[in-house]
Number of protein chains: 2
Amino acid sequence: MNARQDIHNSDIPVLCQACEARHRGVCGALNPDQLVALSKQSFKYRAEPGEELVGDSEKVVNFSNVLSGVVKLSKVLSDGRQQIVGLQFAPDFLGRPFKTESALNAVAATPVSLCSFPKSAIDRMVKEVPELEHRLLKQTLKELDEARDWMLTLGRKTAAEKVASFLHLVATHIDPEASMGSGPVAYDLPLTRADIADFLGLTIETVSRQMTKLRKDGVIEIEHNRHITIPDIGRLERRANI
Amino acid sequence: MNARQDIHNSDIPVLCQACEARHRGVCGALNPDQLVALSKQSFKYRAEPGEELVGDSEKVVNFSNVLSGVVKLSKVLSDGRQQIVGLQFAPDFLGRPFKTESALNAVAATPVSLCSFPKSAIDRMVKEVPELEHRLLKQTLKELDEARDWMLTLGRKTAAEKVASFLHLVATHIDPEASMGSGPVAYDLPLTRADIADFLGLTIETVSRQMTKLRKDGVIEIEHNRHITIPDIGRLERRANI
DNA sequence: CGCGTCTTTGAGCTGCCTCAATTCCGGTGG
DNA sequence: CCACCGGAATTGAGGCAGCTCAAAGACGCG
């Protein structure tokens, strides 16, 4: 396994060795040489909760892979009403190919670490490595599927169903096994009540009331406001109307 | 392959000559030879309003280009609540690459004509023509942008703003010049009130009341329930909060 | 002319929002 | 160790936007 392929430049960069993006993310499209080339231009970046990563209608010069943490993508109306239109978990790709301006805000929801590289490096590599575009297409289709699923939640579900859907979404993203397994799932919520409200198209008060109701009904347990335990995910799914 | 066509095999197929998808759609990626190859497997299909083109969780064997008309993409909850998650206009591409099952319903909203071809033909060509994947990525990114825009509408806008946003969306899709021009725009609504309600996450009564309000306020004119005239698109945009 | 479908309009209800007060909790300093 | 502070979350009371239910028009078609 660790047979030291060889001592040449085809060694995988240290930064990439443990990176999820190399397996499930876009970097999986690259061979060791290409990985080395890209890693020379890439840098790791850490952001604190609330820190803006990409501003709306701002020029975008960097793309990133999310290495850990959660990034919220949001849109705002002129009068301040806000809607979160997507959450990015590791190893999602952050950036909009073929456009120089972002149409949305990207803000760290939790402490986040990113692997960033200049947009130009990707633009160049896309031309040489068709597999890279293939990965980007797959990632984009996944995000489109998720966006459309969420549109159903936003447009047609009740507040109770929305909150249950949100707790379920986070559970399945943090622990992909969760949906099949019958055992309990536990996690720390990556979002504040205000964020959850912005994701669900509700107010914080309504979110709070529905969480309380789920807790009193024994569907979830809550500790320290943030830590959620779901004893029976099937029960939560029924509440979410999935 | 028959000899006669081989002689002139670089001629563009008749079906493709006037097709928008050759310019703005995915077929723009293909050279005349490839166009001929694909067109041998493709067929034109006409559908009437209400006709189901792709069923939810149905096996998908065909992809299509929309040549004319409007297709609605929708999702339904187990209890019948429905949400339209996208509208496809010419020359949009209809189909979900890399998945054999559809996660949504596609239904003709108006009379629709399609250029259909087997999924397998595309799957094969994608491997030979990287540019095809490039086009698919662009189309998917466009749809993702639109889906996210609409999430803001669904989650955070009032009923009045939603209806105005819808009328604006149709105006700009049917006449791409509409948004810049100051002149009046007119079109036939491709959707019934029930469809509009399902697109906006409202009831038909609320849609009807808001349309009446816009009409009484002089923002739009309505003839025969379906024909809409927008004297001043800027005025509509203000109502939509764009 | 009568029937079915789509749309409009009206009247009352309710789920979520708004506004306001209180509690919880982590951090900080005495 | 406790008192205090500020931000986040909860809880309560009342209002209203949009839903539900019901009825009546508008229009196309046999």
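Just so we're on the same page: letters track the sequence lines, and every chain starts at 1. Hydrogens, waters and symmetry mates play no part in the numbers below; they use all other heavy atoms, side chains included.
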Please determine whether the number of non-hydrogen atoms from other residues, nucleotides or ligands lying under 6.0 Å from atom NE2 of B/His23 exceeds 12.
yes
When all nucleic acid strands are considered with a 4.0 Å heavy-atom cut-off, which category describes B/Gly50: base, sugar-phosphate, or nothing?
nothing
What is the distance, rounded to the nearest whole Å, between atom CG of A/Leu202 and atom C1' of C/dC17?
10 Å
Can you measure B/Ile222 atom CD1 to C/dC6 atom P for me and round it to whole angstrom units?
18 Å
Donor-acceptor under 3.5 Å (B/Asp232 side chain, B/Gly234 main chain):
yes
Any non-hydrogen side-chain atom of B/Leu214 less than 4.5 Å from a side-chain atom of B/Val163?
yes
Separation of C/dT8 atom P from B/Leu214 atom CG, nearest Å, is 12 Å
Going through the checks in order, is the ring-ring contact (aromatic ring centres under 6.0 Å, His included) test met by B/Phe93 and B/Phe63?
CA-CA 8 Å; B/Phe93 178 82; B/Phe63 285 165; 5.3 Å; yes
Nearest-nucleotide 5' precedence on DNA chain D, A/Arg156 against A/Arg215:
A/Arg215
Record whether the side chain of A/Gln210 comes under 3.5 Å of the base of C/dC16 through a donor-acceptor pair of N or O atoms.
no
Counting C-beta onward and ignoring hydrogens, is there a side-chain heavy-atom pair between A/Leu114 and A/Lys44 closer than 4.5 Å?
no
Distance, rounded to the nearest Å, where B/Ile204 contributes CD1 and D/dG25 contributes P
18 Å
Given D/dA9, C/dT8, D/dG18, the nucleotide with the shortest approach to the side chain of A/Arg193:
D/dA9
Is any side-chain N or O of A/His224 closer than 4.0 Å to OP1 or OP2 of C/dG26?
yes
Hey, is the side chain of A/Arg209 poking within less than 4.0 Å of OP1 or OP2 on D/dT10, counting only N and O atoms?
no
Ranking D/dA9, C/dT9, D/dG18 by distance to the side chain of A/Asn225, first place goes to D/dA9
Whole-Å distance between D/dG28 C1' and B/Arg226 CZ?
13 Å
Interatomic distance, B/Lys213 NZ vs C/dT9 P [rounded to whole Å]
14 Å
Can you tell me if A/Thr203 touches the phosphate of C/dT18, counting only side-chain N or O atoms and a distance under 4.0 Å to OP1 or OP2?
no
Does a side-chain N or O from B/Thr206 land closer than 4.0 Å to OP1 or OP2 of D/dG18, or not?
no
A/Lys162 NZ to C/dC17 P, in whole Å, measures 7 Å
Separation of D/dA9 P from A/Asp198 CG (nearest whole Å):
12 Å
base_contact_polar (C/dC16 base, A/Glu205 side chain, donor-acceptor, <3.5 Å)
no
